[in-house]
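Here the structure is laid out as structure tokens; the discussion comes afterwards.
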Amino acid sequence: MKNNSYTVAVLGAGNIGSAVISRLLHLDNEVININLSKVLVSDSTKDRDFDSNLITEDFNEIANDENIDLVIEVLGGVEPGKEYIKELLQKGKSVITANKDIIADCGEELIKTAQENNACLYFEAAVAAGIPVLKPLIESLRGEELSRVAGIINGTSNYILTAMEEGSTYGDALQNAQELGYAEPDPTNDVEGIDAKYKAMILSLLCFGVSPSTDDVYTEGISKITKEDFDWAKRLNKTIKLVAQIDNSQEGFNARVYPVLVDSKHPLAAIRGALNAVLVEGENINQLVFSGPGAGAAPTASAIIGDVLSACHQMASNQTNWYPLRTPKTGDKAIKDVDSSWFIRLSVKDEPGVLAAIASLFGKNNVSIESVIQEGRGDNAELVLVTHEASEHNLTSSIDSIANLDSVSSVTSTIRVYL
Ligand SMILES: NC(=O)c1ccc[n+]([C@@H]2O[C@H](COP(=O)([O-])OP(=O)(O)OC[C@H]3O[C@@H](n4cnc5c(N)ncnc54)[C@H](OP(=O)(O)O)[C@@H]3O)[C@@H](O)[C@H]2O)c1
């Protein structure tokens, strides 16, 4: 770094890397001068739309180049990116990454490595890509004790759920998302909530100082949601969203990801298609909602360029990483102790005493019923119940017993209600 000039390298020139490289080459900043010196790729023979002299296949050329101040990691996957980031930070180089898998896996360790080596580590693009949400959470809200962070942070599943709200089946919506490039050929990570779980782990660390393991974050995806669930949601003036929810109260900390029925007037209900949103609650701020594009090359590159400029300012003032990890205030609360309200659909035989038997089993588990609707007659009657708040443990015990009743043919669906 000399007179506000910084030398930068990029690891990866794929979908995101090429958008970042294009932005770096055309960056017009009057204060900071950025020189792109090297780009790491796995195949240097591929055609690229930037100067081929920048390309290398040898990471050591970047790691050992003392002129390089800052490295942007956009390789994808966990390895070799994780080891590369560690080595670069240990050498005192600042790192920007868009890689949620690496930050969820060892973000706390990497932040400490950055701090110990007087380097910066930034990862705004790893959560909700184009929405600047980590910096406001960490900087602007540094003085706030947050009670909840909840988000629609997987654009693929939100795209599918929005299409289902508009009448598609799950299968058709998924196929359409794949044809449009919103969903991978293997959509498991997106539709089973795994991608949202990793982002929830990053938010847990930054907002509450808690670094949960993957097993600590209870996760359910959207693949069991049906068109009929949406029909019922509509009748109840609600919609269905995949929400990552992190609560921190006197009773404890819990992070989880699952589909929920959301009231149609709630801000999260308005987040449609591939958009993302992060909602934050705290005593002084009441409720804030950040929303926008949570994926795509241009929005992701925008977040990365913002991080590059922040890191350069930081290096100019010889400061280290600005992530002030919070100290956890409370212990963990297991999912079984979390209070939920459930929407339950049962296929029942329409005969005297069915409802009384079901109500009695809920009562034995201290679960009270908010509303009941019965439709149909004979052996194909449908019973739709919404419970009041009860612990997950009591709700699952009730459902297990109800499923065993002779008069209950099947528990068609159970979906939590967003509280
Ligand atoms: N897509 C989004 O909207 C989005 C949003 C937020 C964050 N992200 C994150 O951004 C990152 C990059 O994603 P992407 O879609 O740009 O990936 P991508 O298109 O697959 O590009 C990966 C790039 O890394 C290079 N590469 C991979 N492994 C390498 C290795 N071992 N050594 C050297 N080079 C290697 C590839 O080289 P070749 O070109 O030679 O194959 C390619 O240029 C991921 O962590 C992703 O999660 C993506």
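Both counts, for ligands and for their atoms, begin at 1 and track the order of listing. FYI, the numbering just counts along the sequence from 1. Just so you know, these numbers come straight off a predicted model, no measurement behind them.
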Distance under 4.0 Å to a non-hydrogen atom of Lys100: what atoms of ligand 1 satisfy this? 47 (O)
Within 45° of the ring axis of Tyr418 and under 6.0 Å from its six-membered ring centre, is that where the NZ or CZ of Arg148 lies? yes
Asp43 heavy atoms, cut-off 4.0 Å: which ligand 1 atoms fall inside? 40 (O)
Do the side chains of Phe290 and Pro136 get nearer than 4.5 Å, heavy atoms only? yes
Counting from 1, what ligand 1 atoms have a heavy atom of Thr300 closer than 4.0 Å? 3 (O), 4 (C), 5 (C), 6 (C), 7 (C)
A student checking ligand 1 against Gly12 at a 4.0 Å heavy-atom cut-off should list atoms 23 (C), 24 (O), 25 (C), 43 (O)
Taking the non-hydrogen atoms of Arg48, is any one of them nearer than 4.0 angstrom to ligand 1? yes
I need the atoms of ligand 1 closer than 4.0 Å to a non-hydrogen atom of Lys46, numbered in the order shown. 38 (P), 39 (O), 40 (O), 41 (O)
What atoms of ligand 1 come within less than 4.0 Å of a heavy atom belonging to Asn99? 45 (O)
Quick one: which of Ala125, Ser42, Ala129 has a heavy atom closest to atom 36 (C) of ligand 1? Ser42
Give the residue, atom name and distance (to 0.1 Å) of the protein heavy atom nearest atom 15 (O) of ligand 1. Asn15 CB, 3.4 Å
Quick one: look up the protein heavy atom nearest atom 46 (C) of ligand 1 and list residue, atom name and how far away it is. Ala98 O, 4.4 Å
Test item: side-chain donor near acceptor, Glu192 and Ser223, under 3.5 Å: yes
Which atoms of ligand 1 have any heavy atom of Ala295 under 4.0 Å away? 3 (O)
Any non-hydrogen side-chain atom of Leu40 less than 4.5 Å from a side-chain atom of Tyr84? yes
Taking only heavy atoms of Pro80 into account, list the atoms of ligand 1 that are under 4.0 Å away from them. 31 (N)
Taking the side chain as everything from C-beta on, heavy atoms only, tell me whether Leu141 gets closer than 4.5 Å to Leu288. yes
Are any non-hydrogen protein atoms located under 4.0 Å from atom 43 (O) of ligand 1? yes
